[in-house]
Amino acid sequence: MSAQPASQSSNKLYQFKLVLLGESAVGKSSLVLRFVKDQFDDYRESTIGAAFLTQTVSLDESTTVKFEIWDTAGQERYKSLAPMYYRNANCAIVVYDITQPASLDKAKSWIKELKRQADPNIVIALAGNKSDLVSRRAISTEDARSYANEGGLLFFETSAKTAHNVHELFTAIAKKLPLEQIAASRNRNSLSQRQGIDLAQAGNTNGCAC
Ligand code: GTP
Ligand code: MG
């Protein structure tokens, strides 16, 4: 698991690997762009392979969570790459488009795959994106929410375009991650395997520690 605390005076910085999955064009890259740079593009190029970005969330004055984000490509031809990105992920956001029922089916199949193949403690959030497209809605909030509740998933309807619930989504994930527990297990592993990176000394780089 890629999470560890590093003291910064009295502050703790925890680092987690997060993966985004979902059908092409549901808005995965747009959600990341909104979260990381607070921007939105009406015309985005489809992702090739995957993109890597980082962003931090402050939970309180002394606790910061740094997400290492893998934004995967939703096109079918890249499907076989996904396990490389969700393997060892601490958390996943599975995205569908509230105007496209087939995209929810695809999201459900990713969730099944994560539950079968990813880390058993992975925190999974389901995100119904494009909530701004009110007149084109084809999936009700309640149907998606009850599916998410049954599966123990976090659930948010989001809009990368208006920024609705984007910060809330990432913050809820950060809050649900068992910070101390994961950090402790990371420390145990690093004793026998390798030294972890001291984030306080390394600075807030964009380097991938996965
Ligand atoms: P792949 O990289 O192919 O997997 O697609 P993706 O899931 O990363 O989708 P992307 O972020 O590239 O967005 C696809 C299109 O949807 C773009 O034209 C975006 O501008 C648009 N889009 C993304 N999010 C929203 C949203 O919240 N509302 C609206 N109206 N459009 C959105
Ligand atoms: Mg993309």
Side-chain angles (χ1 to χ4, degrees), residues 16-55 57 67-87 89-114 117-118 122-145 147-148 153-173 206 208 210:
F16 293 101
K17 186 172 161 189
L18 182 150
V19 65
L20 282 103
L21 296 163
E23 197 171 74
S24 183
V26 294
K28 298 178 295 299
S29 302
S30 301
L31 284 169
V32 175
L33 184 68
R34 173 60 77 189
F35 177 55
V36 173
K37 297 196 178 148
D38 200 17
Q39 292 171 2
F40 178 77
D41 278 346
D42 268 310
Y43 303 99
R44 275 202 70 77
E45 302 266 320
S46 192
T47 304
I48 296 170
F52 178 72
L53 296 96
T54 65
Q55 178 60 301
V57 171
F67 286 115
E68 300 175 340
I69 304 169
W70 285 100
D71 168 25
T72 66
Q75 288 179 35
E76 203 55 32
R77 65 185 136 140
Y78 297 113
K79 189 173 189 312
S80 62
L81 299 179
M84 225 161 59
Y85 300 107
Y86 67 64
R87 201 164 31 107
N90 304 102
C91 39
I93 302 177
V94 182
V95 185
Y96 67 95
D97 172 346
I98 65 151
T99 72
Q100 302 291 336
S103 73
L104 180 57
D105 296 337
K106 184 73 197 173
K108 288 179 179 175
S109 92
W110 278 122
I111 288 160
K112 248 191 222 155
E113 183 165 336
L114 286 174
Q117 319 247 46
I122 191 168
V123 170
I124 305 175
L126 177 67
N129 191 41
K130 309 199 185 181
S131 64
D132 56 290
L133 298 178
V134 179
S135 62
R136 289 169 50 194
R137 176 186 286 277
I139 298 164
S140 81
T141 308
E142 278 327 306
D143 283 358
R145 192 193 302 283
Y147 165 78
L153 318 173
L154 290 167
F155 173 69
F156 285 87
E157 285 192 344
T158 56
S159 169
K161 185 166 185 164
T162 67
H164 172 66
N165 269 347
V166 176
H167 193 75
E168 288 79 355
L169 165 67
F170 284 88
T171 304
I173 294 170
N206 277 355
C208 170
C210 42

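Start at 1 and go down the list; that is how both ligands and their atoms are numbered. Fair warning: this is a prediction, and the values are worked out from it, not measured in the lab.
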Practice task
Would you check if the side chain of Asp132 reaches a backbone N or O of Thr162 as a donor-acceptor pair within less than 3.5 Å?
Solution key: no

Handout entry: Sole candidate of Thr171, Ile173, Val166 that passes side chain to side chain contact (heavy atoms under 4.5 Å, CB included) when paired with Leu169
Key = Ile173

Practice task
Taking only Lys NZ, Arg NE, NH1 and NH2, and the carboxylate oxygens of Asp or Glu, determine whether Glu142 and Arg145 approach each other closer than 4.0 Å.
Solution key: yes

Exercise for the section: Under the side chain to side chain donor-acceptor pair (under 3.5 Å) rule, what do Asp97 and Ser103 come out as? Steps first, then yes or no, please. Expected result: CA-CA 6 Å; Asp97 172 346; Ser103 73; 5.5 Å; no

Handout entry: Short side-chain donor-acceptor distance under 3.5 Å, Thr158 and Asn165
Key = no

With a 3.5 Å cut-off and sequence neighbours excluded, list the donor-acceptor pairs that the side chains of residues 30-37 form with protein atoms.
from, atom 1, to, atom 2, distance (Å)
Arg34, NE, Ala160, O, 2.9
Arg34, NH1, Asp38, O, 3.2
Arg34, NH1, Asp38, OD1, 2.8
Arg34, NH2, Ala160, O, 3.2
Arg34, NH2, Lys161, O, 2.8

Practice task
Decide if atom CD of Glu45 counts as having more than 12 heavy atoms of other residues, nucleotides or ligands within a radius under 6.0 Å.
Solution key: no

Problem - Close residues, ligand 1: non-hydrogen atom nearer than 4.0 Å - result: Glu23, Ser24, Ala25, Val26, Gly27, Lys28, Ser29, Ser30, Phe40, Asp41, Asp42, Arg44, Ser46, Thr47, Ala73, Gly74, Asn129, Lys130, Asp132, Leu133, Ser159, Ala160, Lys161

Exercise for the section: Specify whether an N/O/S atom of Ser29 falls short of 2.8 Å from the Mg ion (ligand 2). Expected result: yes

Practice task
Using 2.8 Å as a strict upper limit, say whether an N, O or S atom of Ser46 approaches the Mg ion (ligand 2) that closely.
Solution key: no

